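Below is one structure, written out as structure tokens, with a few remarks after it.
What you are looking at is a predicted structure, and each value in this text was computed from that prediction instead of being measured. Order of appearance sets the numbers: ligands from 1, and atoms from 1 within every ligand.
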Amino acid sequence: MTSSEQTAANVAAGNALLRTEGLTKRFGGLTAVDDVNLQIDRGEIRCLIGPNGAGKSTLLKLLVGQLTPSEGSIFYDGRDITDLSQHERARNGLSMKFQVPAVYGDLSVRQNVHIPLQREVDRRHIDGAIDETLDEFGLLDAAETRASDLSHGQQQWLEIAMASALDPDLLLLDEPAAGMSVRETEQTAEYIHRLNEDRDMTLLVIEHDIDFVRAIAQSVTVLHRGEVFAEGPIESIENDPEVRRIYLGEVRE
Ligand code: ADP
Ligand code: MG
């Protein structure tokens, strides 16, 4: 089966959790996301890669509802969510960790996780829910630490903990391993696998580190100048000379 036949089969089987049609975002004269047709199936871990400025963060912000598309549609679980707010999308099970860490530095780790959980979890159960969430990301011992005093890696984990606290069906992660050590990056890959396997989350992850991509992704979408440039299993993407060229910034006009 070719990949487009596979995609058609998945759509027919109703496996698509997220689908975009002609998704486009312009900033003035710049087209940051250009006619993107993307499909993410339930249960998969997809990596989104591409050179700086390719439009990766913009695409995720469109999906989560932080930005409004110039054109095109977004379907989630078979439903058109293009006009839903970020909050409404979150209630439908779509959550995101942004590229720029957004933890509340003056609050403790515990207080940070309290913020997303308080919307859904009954007060009597919230302490237990916080402990469980922190434990999952190795942050239980740091529960009373001010978030700004955490290491960079721990801050990233805290953000993933907050984004995943309400058990989204689809979790979008923008560069979760940026600036991490090798050991921390491996740990992050393990957390992502656990979210996928133990908590049944579908993940769309932007990442630069190809070792990390290899560790987590079943399939990879390459974005270049706002367009889908290539898509497929990591092995074929890695060995695609055209991808190597754009990814290494070797394309000359
Ligand atoms: P990536 O995450 O792949 O590095 P981005 O999605 O952040 O790329 O950016 C894609 C392009 O859109 C870049 O040229 C960037 O400068 C531009 N861009 C992103 N956000 C804005 C914005 N809010 N206003 C204007 N231009 C933007
Ligand atoms: Mg980005």
Taking Ser95 for the side chain and Ala163 for the main chain, is one N or O donor matched with an acceptor at less than 3.5 Å? yes
In the protein, which heavy atom is nearest to atom 6 (O) of ligand 1, and how far is it? Thr58 OG1, 2.6 Å
Among non-hydrogen protein atoms, atom 4 (O) of ligand 1 lies closest to Gly53 N, 2.8 Å
Sub-4.0 Å atoms of ligand 1 with respect to non-hydrogen atoms of Leu30: 11 (C), 12 (O), 14 (O), 17 (C)
heavy-atom search around atom 23 (N) of ligand 1 in the protein gives Phe27 CE2, 3.6 Å
Of all protein heavy atoms, the one nearest atom 7 (O) of ligand 1 is Ser57 CB, 3.8 Å
Pick one of side chain, backbone, both or neither for how Leu59 approaches ligand 1, counting any non-hydrogen atom pair under 4.0 Å. neither
Which residue and heavy atom of the protein sit nearest atom 8 (O) of ligand 1, plus the separation: Gly55 N, 3.2 Å
Those atoms of ligand 1 less than 4.0 Å from some heavy atom in Asn52: 4 (O)
Would you mind running through ligand 1 and noting each atom that sits below 4.0 Å from a heavy atom of Ala54? 1 (P), 3 (O), 8 (O)
Examine Ser57 and say whether one of its N/O/S atoms is closer to the Mg ion (ligand 2) than 2.8 Å. yes
Any donor-acceptor pair under 3.5 Å linking the side chain of Arg42 with the backbone of Asp200? no
Which ligand 1 atoms, with their elements, are less than 4.0 angstrom from a heavy-atom of Ala32? 11 (C), 12 (O)
Where the side chain of Thr24 meets the backbone of Asp35, is there a donor-acceptor pair that is under 3.5 Å apart? yes
How about CD on Glu132, more than 12 heavy atoms from neighbouring residues, nucleotides or ligands closer than 6.0 Å, or not? no
